[in-house]
Amino acid sequence: MHIDQIVKEKVVEAIGSLYGQTVDTSAVQIQNTRKDVEGDMTVVVFPFLRFSKKAPEQTGEELGKYLTDNVDLVENFSVIKGFLNLMIAQNYWLSVLESAATDDTFGFAQPQKDSPLVMVEYSSPNTNKPLHLGHIRNNLLGYSIGEIIKANGNKLVKTNIVNDRGIHICKSMYAWQQWGEGKTPQSTGIKGDHLVGDFYVLFDKHYKQEINELVEQGMSKEDAEQKAPSIVAARDMLRKWEAKDPEVIELWQTMNQWVYAGFDLTYKELGVDFDKIYHESDTYLVGKDEVFRGLKEGVFYQREDQSVWADLTKDGLDEKILLRSDGTSVYMTQDIGTAKLRFDDYKIDKMIYVVGNEQNYHFQVLSVLLDKLGYDWGKGLHHFSYGMVELPHGKMKSREGTVVDADDLMAEMIEVARKTSEELGKLEGYTDEELNRTYKIIALGALKYFMLKVDPKKNMLFNPEESIDFNGNTGPFIQYTHARIRSVIRKATKKGIQLSFDLDSTLNLSEKEQELIKSLSLYPTVVKEAGDIYSPALIANYIYSLVKEFNQFYHDHTILGEENESVRNFRLVLSQTIADVVKSGMGLLGIEVPERM
RNA sequence: GCCUCGGUAGCUCAGUUGGAUAGAGCAACUGCCUUCUAAGCAGUAGGUCAUGGGUUCGAAUCCCGUCCGGGGUACCA
C-alpha cells in the first residue's frame, strides 16, 4: 500500500481515538512538504479543528504524537501553523526502491480477461492534402492516450477514419485532370500526399481567378462562387462519384492510393499506427441507412425540400441537418455510420474520439443522435477535445501558405539534431545507421515532448524558429539524462560491478536520495491519474521533475567513485531505476530514449 | 446576439479534491568541466495570478459582474 494511504487511515484512526469522531479517509489532505521544511509528507490539520475544538498547533501536536506512537513508519514530526510534517523511516524508502527496481512493470496495471475494451479514434485526415502541424498534435495525443489507456490495464483498439470522399478530393481530382499533364508521384518524385495537395492548391488558384473574372463581368460575388466553372465541374465530379461513374472512380482510387502511400510514410516517421482503418466511402451509406431508419421511427423529420433534420431543441441543442435536400450525406451522417460499423466490429466498452475542440458541438450532437437511434453507448462516448496549434501570426491557413507541413518539420528537426550532435561529438564509434537512428530519436523526442507537455485542452503556440529547443524543459534534456545514466551503468558493468537489489538497510541516505525515491514512488499514481483525466501532459511534467532532480543528485554525488560498496550499489540501483522509469514514462508519450547522445 | 473555452514573469508553460512565502524553461546577467556525458549544475533579476466584488480559518483555484481573446452557432469537414 502506498504510504499516503497508510497515513490517511492512521489519521482517521487518530481522529477516532483522540476526539471520538468518525471521518472518511477522503477528508484527510496530504501534500508534499515544503522544500524549506523538514519532513517527507504533510498532513493539513485545519479540517480537523471542528473535531478537536483546539488550536491548529495543538491539534497538530496531538495528531503527530499519535502517529509517531502508533505507526512504525512515522519516525518524527513537526508542526508549523496548521501543518503537520511527518518524517518517514528511511527503511521504508529503501523498500520502495527495492520493489520499484525489481518490478518490470512498475507503475502499470496489467490487463485482465474482463478488462474494458477502449477504442481510440485519432488522426482522421482528409485525402486532399498532406498532414500538417495540427495533425501532428492530434496523432501524438491519440497515440499517447492509447499507451496510457493500456498502462491502466485496459485493452485498446486504435482506429483511424479516413475522409476519402467528398468535394475536397474532387477538387484535387479535377485540377489534376485539367492541368496535371499526367503527373504521378513516380514521374515527379513528389510524395503522393504532397502531389495531391499541390493540385488542391492549384484548384483554389484557378477557382479564385474565375470568381474574379466573373465579378468583373458584373456578377455578384455570391453567384460567382457558385457558378465558377471549376466548382461546377468539381460538384459534377462528386455526383458522378456517387453514381459510381467508372472513370471518376478510377481516378479517385488512383489519387487516394498516392495519398495513402504518403500518409503511411508520415505515420511511420511519426511512430504512430492503427489497428483498424475505416474509410468514409465505406461508412457514409451505412450512415444514410441509419438516418432513414430514424426517419421511419419518427426520431427525425423531413422538410418539404426533402432534407432530413433532427430536432434537438428539447435536449438544449439546435436543429441539425442529417441529409441534404439532394439526398447527399453530411459529416454527421458519416459519423453515425462509422460509429455503427465500429460497434458491429468490436465489443467496445468505451469510445474515445481525439478531435479538436472546434468540434465540441458536433460531438455533443453525435452523442444525442446515437442515443436517439437506440444505441446505449451513444451517451457514453468521450470526445477527447484538444486545443488548436497556433503560429506566431495566428492560425494556419493553407491558402496563405502558413501551414507547417508535418514531413518538412520532422526533416528539419532531424537536421538540427544531427548538427547539434555533431558539434557535441559524443557519438564516436557509431555506425551511420546508429547515428541516423539517434538523430531521429532526439528530433522526434523534441517535437513530441514539446507538443505533449502542455495541457491537451489548451491552445498552444508553436514558433518554428524558437519552439524547438534541446535544452531545459525539453525531450532531449530528458533523453540526455537517460543516456547519462546508461553510460554510468555501462561503465559499472565494464568494471565487473554487479547490481544487488538487496539494499543495505543501515545506509544513511542524503536528502536528495530520499527525495528521488519519493518521486519514484509517485509514478504509479501519476500513470493512474493520467489515465483518469486523459493527460499525457501529466506524465511529461512528472518525468521532467524526476529528471531535474536526478541531475541535481548526479551533480552532487559520485556514483562509481564512491568507495563504500553498499552506498555505490544503492546509487547504481537508484540511477538504474530512474532510467527505467524515464524510459517507461517517455514510452507512454511515444518517445524513445537513446543509450548515448 | 446566443453557447462555450480561456487570460499566471518579456516569451512558452506548470500549479493536485481550495492550503504554508505562486513554480519551471526560454531570453538577460554571473559562476562551475584534469574527476561517472556541461544537451548538465548553481546563482541574480523578473508577478496587482486580466479586473471588481463575494464565499471562509484560508482563493491563482469556488460563485457573480466587467474587460480582452479563441472556438462554435452552415444543405463545410
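None of these values were measured; they are calculated from a predicted model. In what follows, chains are A, B, ... by sequence order, proteins preceding strands, each numbered from 1.
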| query | Which range-with-range stems can be found for RNA chain B when each stem has 3 or more Watson-Crick or G-U pairs in a row and both distances sit under 3.5 Å? | reply |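 Runs of three or more consecutive pairs: B:1-7 with B:67-73, B:10-13 with B:23-26, B:28-32 with B:40-44, B:50-54 with B:62-66.
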| So which one's nearest nucleotide on RNA chain B is more toward 5', A:Val488 or A:Ala417? |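 Result: A:Val488.
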| request: Nearest-nucleotide wise, let me know which of A:Thr33 and A:Asn126 is further upstream toward the 5' end of RNA chain B. | output: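 Result of the comparison: A:Thr33.
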[X] [atom1] to [N] [atom2]: how many Å, rounded?
X        : N     : atom1 : atom2 : answer
A:Lys320 : B:A77 : NZ    : P     : 10 Å
A:Lys458 : B:G71 : NZ    : P     : 18 Å
A:Lys548 : B:G23 : NZ    : P     : 15 Å
A:Leu322 : B:A77 : CG    : C1'   : 15 Å
A:Lys453 : B:C26 : NZ    : P     : 10 Å
A:Gln29  : B:U61 : CD    : P     : 17 Å
A:Ile543 : B:A24 : CD1   : P     : 19 Å
A:Gln226 : B:C76 : CD    : C1'   : 12 Å

| message | With the stacking rule set at 5.5 Å and 30°, tell me whether A:Tyr480 counts as stacking on B:G40. | response |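 Whether judged by distance or by angle, A:Tyr480 falls short somewhere, so it does not stack on the base of B:G40.
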Tell me whether the centres of the aromatic rings in [X] and [Y] are closer together than 6.0 Å.
X        : Y        : answer
A:Phe384 : A:Tyr122 : no
A:Tyr544 : A:Tyr449 : no
A:Phe550 : A:Phe553 : yes

| request: Let me see the working for A:Asp164 and A:Thr127 under side chain to side chain donor-acceptor pair (under 3.5 Å), right down to the final yes or no. | output: CA-CA 5 Å; A:Asp164 59 347; A:Thr127 55; over 6 Å; no
Which nucleotide, [options], lies nearest any side-chain atom of [X]?
X        : options             : value
A:Asn459 : B:C36, B:C13, B:G70 : B:G70
A:Asn551 : B:U37, B:U21, B:C41 : B:C41
A:Leu461 : B:A77, B:U12, B:A20 : B:U12
A:Asn163 : B:A77, B:A14, B:U73 : B:A77
A:Arg490 : B:C36, B:G19, B:U37 : B:U37
A:Lys81  : B:G70, B:G19, B:A20 : B:A20
A:Lys35  : B:U21, B:C41, B:A24 : B:A24

Under 4.0 angstrom, heavy atoms only, what part of the nucleic acid is [X] near: base, sugar-phosphate, or nothing?
X        : value
A:Glu428 : nothing
A:Met460 : sugar-phosphate
A:Thr328 : nothing
A:Phe83  : base

| request: Give, ordered by number, those residues of residues 471-479 of chain A having at least one heavy-atom distance below 4.0 Å to an atom of RNA chain B; if nothing qualifies, reply none. | output: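 Residues of residues 471-479 of chain A that come under 4.0 Å of RNA chain B are, in numerical order, A:Asn471, A:Gly472, A:Asn473, A:Phe477.
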[N] phosphate, OP1 or OP2, under 4.0 Å from [X] side-chain N/O:
X        : N     : result
A:Lys491 : B:U37 : yes
A:Arg484 : B:A38 : yes
A:Arg324 : B:C76 : yes

Does the [N] base have a donor-acceptor partner in the side chain of [X] within less than 3.5 Å?
X        : N     : result
A:Gln552 : B:A42 : no
A:Asn85  : B:A20 : yes
A:Thr42  : B:A20 : yes

For [X] versus [Y], what's the shortest heavy-atom pair and its separation?
X        : Y        : result
A:Ile231 : A:Glu225 : CG2-O, 3.5 Å
A:Cys170 : A:Ala234 : CB-O, 3.7 Å
A:Lys129 : A:Tyr200 : NZ-CE2, 4.5 Å

| Residues A:Phe570, A:Glu562; criterion side-chain contact (heavy atoms from CB on, under 4.5 Å); working and verdict | CA-CA 10 Å; A:Phe570 162 78; A:Glu562 172 61 41; over 6 Å; no
| message | As a test of the definition: with a 90° window around 0 for syn, would you call B:C32 syn or anti? | response |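 For B:C32, whose glycosidic angle is more than 90° from 0, the conformation is anti.
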| task | Would you verify whether the NZ or CZ of A:Arg165 falls within 45 degrees of the ring axis of A:Trp252 while also being under 6.0 Å from that six-membered ring's centre? | result |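 Geometry flag: not set, cation outside 6.0 Å or 45°.
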| For the side chain to side chain donor-acceptor pair (under 3.5 Å) test, which of A:Arg437, A:Lys440, A:Lys583, A:Gln479 pairs with A:Glu592? |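 That would be A:Arg437.
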| Rounded P spacing from B:G10 to B:A50 in Å |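 Those two atoms are separated by 13 Å.
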| said: In whole Å, measure the gap between the C1' atoms of B:A28 and B:U66 for me. | reply: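 It works out to 37 Å between them.
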| task | Check the pair A:Asn160 / A:Ser124 against side-chain contact (heavy atoms from CB on, under 4.5 Å), numbers first and verdict last. | result | CA-CA 5 Å; A:Asn160 186 357; A:Ser124 310; 4.1 Å; yes
| task | Name all pairs fulfilling the ring-ring contact (aromatic ring centres under 6.0 Å, His included) condition that reach into residues 37-57 of chain A, sequence neighbours left out, sorted by first residue then second. | result |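 ring-ring contact (aromatic ring centres under 6.0 Å, His included) check on residues 37-57 of chain A returns A:Phe46-A:Phe83.
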